[in-house]
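One structure below.
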Amino acid sequence: MLVLQLEPVHPYSFSATTRRLDHFEKTAYLFREGFYYRTLHLKERAVVVGIGWDGGQILVEVEEELSEGEIQCLKGMIRRMFSLDVDLAPFYEQMKKEPRLAPIVESRRGLHFVLDPTLYECLIKTIISQQLNLSFAATLIQRLIEGTGDKVPFRGETLPVFPTPPQVARLEYEDLQRLQFNRRKAEYVIDISRKIVDGTLDLEGMKTLPDQLVTDQLVSLRGVGRWTAECLLLFGLGRPDLLPAADIGLRNALRKAYGLQWQPTEADVRQWGENWTPWRSYATFYLWDTLI
DNA sequence: GGCCAGGCTAGCA
DNA sequence: TGCTAGCATGGC
């Protein structure tokens, strides 16, 4: 068994960071004996990877034999997915000046984003989650994964692998409607997968583009609006200064944090959020965390 | 039973 | 350019 130790930039709280996996990522992550297991595509194949914590470092365990190239690939993926290189010290310093947010931030010290391994997985999951309550969205995501993706054996059972664009592109709209997708959502998911397969959409190429260009390209896709693009910048690319001001969850969290009797508008959120630049993503993330 | 879910598009004025 | 019905179902 291969075990890697990865040092995060401190402060880093593994328990605070993985807490949302237990709530929102149960289809992707299997929790066993202190480790979060999921399948990841390493170059040519999918393997099961366990992610744990030894009190100061991230532990990554893999039962299969890996080549040196695959090990380097895996290290890079885990560092990126678990935001191990994000230094939150300046964020905490800035939040001390926000009386309503300071206690929320302080009690979650070390909480980092967990990103999706690929932009494709992030985009598909976000489109499915549009407008639905999170538990039903998770059901639909699970049905897509289990019905379309590969499976990898793991300790006498199997773990599902998030489907590839070609696998989804081969589906018919009716296949997803049978899983209780509405017609339009089925079209969005399949049409976007087909665009990736035929080369007219290059998600991975967006990694190096500035936020606004990524947003422009994404919003031009049928099924992707501003909220979805912002979620991709947050949970796919880990960009630090996004404010999904229209998001109902963020507005609910602010109402709670500020003790309001009324629902803040998108404009309210934008105005308050100006003080959080250049850390608006993390401010949003910490506020979302109060809803769990 | 009704309304809201971590929205978006199409169709209408 | 701006507004809104409809979507497919679960949870409260």
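In what follows, chains carry the letters A, B, and so on, assigned in the order in which the sequence lines appear, proteins first and then strands, with residues in each chain numbered from 1. The analysis underlying the following values was restricted to heavy atoms, covering all of them including side chains, and did not include hydrogens, waters or symmetry mates.
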Distance-only donor-acceptor test (3.5 Å): side chain A:N133, base C:dG10
yes

Paired with A:F91, the ring-ring contact (aromatic ring centres under 6.0 Å, His included) test is passed by just one of A:Y286, A:F113, A:W276, namely A:Y286

Between C:dT9, B:dG6, B:dC8, which one does the side chain of A:F235 approach most closely?
B:dG6

Inter-nucleotide P distance (C:dA8, B:dG11), Å rounded
15 Å

Just how far, in rounded Å, is P of B:dA5 from CD1 of A:I127?
21 Å

Does the structure place the NZ or CZ of A:R32 under 6.0 Å from the centre of the six-membered ring of A:Y37, at an angle of no more than 45° from the ring's axis?
no

Would you kindly check whether a donor in the side chain of A:R20 faces an acceptor in the base of B:dG6, or vice versa, at under 3.5 angstrom?
yes

Would you say A:Q263 has more than 12 foreign heavy atoms packed within less than 6.0 Å of its CD?
yes

What nucleotide, of C:dA8, B:dA5, B:dC8, holds the atom closest to the side chain of A:N182?
C:dA8

Given that A:W288 and A:R184 both sit by DNA chain B, which one's nearest nucleotide is further toward the 5' end?
A:W288

Distance check: side-chain N/O of A:R222 vs OP1/OP2 of B:dA10, anything under 4.0 Å?
yes

Distance, rounded to the nearest Å, where A:I192 contributes CD1 and B:dC8 contributes P:
11 Å

Taking any heavy-atom pair under 4.0 Å as a contact, classify A:L176: base, sugar-phosphate, or nothing.
nothing

Given C:dG10, B:dG6, B:dA10, which nucleotide is nearest the side-chain atoms of A:D247?
B:dG6

Gap between atoms CG and P, on A:L134 and C:dC12 respectively (whole Å):
12 Å

A:R255 has an atom CZ; how far is it from atom P of B:dA5, in whole Å?
8 Å

Rounded to whole angstrom units, what separation is found between the CZ atom of A:R183 and the C1' atom of C:dA5?
19 Å

If I pick the C1' atom on C:dG2 and the same atom on B:dG6, what distance separates them, to the nearest angstrom?
25 Å

Categorize A:F24 for me: base, sugar-phosphate, or nothing, with a 4.0 angstrom heavy-atom threshold over every strand shown.
base

Output the rounded distance in Å from CG (A:N252) to C1' (B:dG6).
9 Å

At under 4.0 Å, does any side-chain N or O of A:T228 touch on OP1 or OP2 of B:dC8?
yes

Scan A:I248 against the nucleic acid and name what it touches under 4.0 Å (heavy atoms): base, sugar-phosphate only, or nothing.
sugar-phosphate

Scanning all shown strands, the Watson-Crick or wobble mate of C:dA8 with both distances under 3.5 Å is none

note: A:K256, atom NZ; B:dG6, atom P; distance rounded to Å ~ 13 Å

Can you tell me how far P of C:dG10 sits from CZ of A:R143, to the nearest Å?
7 Å

A:Q180 side-chain N/O to C:dT9 phosphate OP1/OP2 under 4.0 Å:
yes

Per the atom types in the model, does the base of B:dA5 pair as donor or acceptor with the side chain of A:Q131 at under 3.5 Å?
yes

Between B:dG6, C:dG10, B:dT9, spot the one nearest the side chain of A:S135, thanks.
C:dG10

With under 30° as parallel and over 60° as perpendicular, where do the rings of A:F14 and A:Y36 fit, or are they tilted in between?
perpendicular

A:E33 atom CD, neighbour heavy-atom count above 12 within 6.0 Å:
no

Quick check on A:E65: does its CD atom have over 12 non-hydrogen neighbours (other residues, nucleotides or ligands) under 6.0 Å away?
no

